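As the structure is a prediction and not an experimental result, all values here were calculated from the model. Throughout, residue positions are numbered sequentially from 1 according to the sequence presented. These numbers come from the heavy atoms of this one structure, side chains and all, not from hydrogens, waters or symmetry mates.
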Amino acid sequence: MLEAVGVSAFDENVYRAVLSGQQCTVGDLAKSAGAGVARTGQALKRLAGLGLVRQVGRGRWEAVSPRSALSALLHRRRAEAETMYGEVEAELSGLHRLYWAHQLRSDPEALVEVLSDPETIARRIDEVNRSVTTHLWTLDKPPYLDAVGQPHFHEQEEATTREWVERGVDIRGVYCLESIDPPGRLETVLRLAALGEKSRLLRQLPFKARIVDRRVAMVPLTGGSKESIVLVHPSGLLDGLMELFEAYWERAEPLLAHQVDEVEEGPSEEELVLVRLLHAGFKDQAIARQLGVSVRTATRRVAALMRTLDAGTRFQAGVRARERGWI
């Protein structure tokens, strides 16, 4: 049972024999294990090296508390396994790049996969998304293949993001005004950011793309994702797409402030949403659609926010909000 933490079946029998006695001698333990004294002595040394037993006198041994000793050993094995897993992942990335470099030399058409069948597109996107292990970088703009804006999609998106964050995936998304125009979409994007996605906003994006693990990029050929997409594999083209993403990332504004000053009269959640909408350039009608209220109510709330910030214009409201650390 303890082989998973590096204890052989024979050593485990010796360990159980130590647990059942008090300051056992090597001879007694050898009899209990049905083995020679020399073999039993070597097992005790291995168990001592693992912190499971200790010598308390000439030829006499006792067990360390299993709860503390085995817990420490289990944590050590888990840390070693995680380190090994990380090393294998890094090696896998290099091997994958080497494989595609060979494919490109022998068959240049292997550089990209062009997909036009809707079922094939949906299946391949799902396959790539399920393979995420280290990076997920997105340039986000409509139209979408999925039912963005629907409650069930938002719930699924949040659950998937939470799982990726817990696995340590570097999730970065650059959104544009079109991305957050559907009702309720901004709130979902902000929740994703609160979960751990690094989210930024640009007024416009020329195209949409998703880069997974720095080994494959998915890019629509005709603006959306429903008609045709290409999968770009490791190559100079993929390197260029990654550099392009980094360039848009640097130009974009963070959706969440790194730190909001803790003051007695800090911003409410609604004020934070409003100021981000204003900063993004949304008009009252679009703000009303996001908040699910009438245009008149949205206008009234914007005016109240500007009074709170002591701002005469929307631009000035954005400046004052930034000075306070709200955006």
Side-chain angles (χ1 to χ4, degrees), residues 81-141 144-146 156-157 159-175 179 192-193 195-200 205-252:
E82 289 176 353
T83 299
M84 182 177 65
Y85 178 80
E87 292 172 351
V88 171
E89 282 292 336
E91 187 67 19
L92 177 62
S93 178
L95 292 173
H96 185 74
R97 186 169 286 272
L98 182 63
Y99 167 77
W100 277 106
H102 170 71
Q103 290 292 103
L104 182 58
R105 286 194 300 271
S106 59
D107 180 14
E109 293 184 1
L111 169 64
V112 297
E113 294 179 63
V114 181
L115 308 176
S116 56
D117 176 66
E119 291 186 5
T120 303
I121 290 173
R123 185 179 68 254
R124 290 293 282 130
I125 289 177
D126 183 63
E127 289 173 356
V128 173
N129 287 340
R130 288 178 181 274
S131 72
V132 174
T133 57
T134 59
H135 295 76
L136 182 65
W137 297 350
T138 304
L139 298 177
D140 187 282
K141 66 174 297 184
Y144 299 104
L145 183 64
D146 299 301
Q156 178 183 348
E157 192 175 24
T160 303
T161 298
R162 184 180 294 105
E163 178 187 344
W164 282 331
V165 169
E166 290 174 352
R167 283 161 41 193
V169 176
D170 175 23
I171 309 175
R172 288 196 271 168
V174 179
Y175 298 87
S179 305
L192 297 180
L195 287 172
E197 176 183 282
K198 303 178 186 73
S199 308
R200 295 190 176 185
L205 284 172
F207 64 97
K208 64 188 302 180
R210 173 167 285 197
I211 299 170
V212 173
D213 295 348
R214 301 173 62 90
R215 62 175 173 78
V216 63
M218 296 182 287
V219 184
L221 285 175
T222 54
S225 301
K226 297 184 178 181
E227 299 177 5
S228 59
I229 67 169
V230 293
L231 269 64
V232 183
H233 297 285
S235 59
L237 180 56
L238 178 60
D239 292 341
L241 286 171
M242 289 191 291
E243 288 193 20
L244 191 59
F245 174 85
E246 294 280 14
Y248 284 122
W249 177 259
E250 290 300 320
R251 287 172 50 191

Once you round to the nearest 0.5 Å, how far does [atom1] of [X] lie from [atom2] of [Y]?
X	Y	atom1	atom2	result
Glu243	Asp239	CD	CG	7.0 Å
Thr133	Arg215	OG1	CZ	6.5 Å
Leu241	Leu237	CG	CG	5.0 Å
Ser199	Ile171	OG	CD1	9.0 Å
Ile121	Ser116	CD1	OG	6.5 Å
Glu246	Trp249	CD	CH2	9.0 Å

- List for me each residue that meets salt bridge (Lys or Arg N to Asp or Glu O under 4.0 Å) alongside Arg124, sequence neighbours excluded, and say none if there are none.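 Only Glu113, Glu127 meet the salt bridge (Lys or Arg N to Asp or Glu O under 4.0 Å) criterion with Arg124.
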- Listed partners of Glu250 passing side chain to side chain contact (heavy atoms under 4.5 Å, CB included), at least two apart: none
- Could I get the full list of side chain to side chain contact (heavy atoms under 4.5 Å, CB included) partners for Thr160, not counting sequence neighbours? Gln156, Trp164
- Task: Tell me, please, which residues at least two apart from Tyr248 pass ring-ring contact (aromatic ring centres under 6.0 Å, His included).
- Result: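 Per chain and number, Tyr248 pairs via ring-ring contact (aromatic ring centres under 6.0 Å, His included) with no residue.
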Where [X] and [Y] come nearest, the two heavy atoms and their spacing:
X	Y	result
Val232	Ser235	CG1-OG, 4.1 Å
Val165	Glu197	CG2-N, 4.4 Å
Val219	Ala209	CG2-CB, 4.0 Å
Ala217	Leu238	CB-CD1, 3.6 Å

Hey, is the main chain of [Y] close enough, under 3.5 Å, to the side chain of [X] for a donor-acceptor pair?
X	Y	result
Lys141	Lys208	no
Ser179	Asp140	yes
Asp213	His135	yes

- Message: Val174 vs Thr138, test: side chain to side chain contact (heavy atoms under 4.5 Å, CB included). Steps then yes/no.
- Response: CA-CA 6 Å; Val174 179; Thr138 304; over 6 Å; no
Are [X] and [Y] packed together at the side-chain level, in the sense that at least one heavy-atom pair is separated by less than 4.5 angstrom?
X	Y	result
Thr134	Arg214	no
Arg210	Asn129	yes
Leu139	Leu244	no

- Message: Please list all pairs meeting salt bridge (Lys or Arg N to Asp or Glu O under 4.0 Å) that have one or both residues in residues 162-171, counting only residues at least two apart or in different chains.
- Response: Glu163-Arg167, Asp170-Arg172, Asp170-Lys198
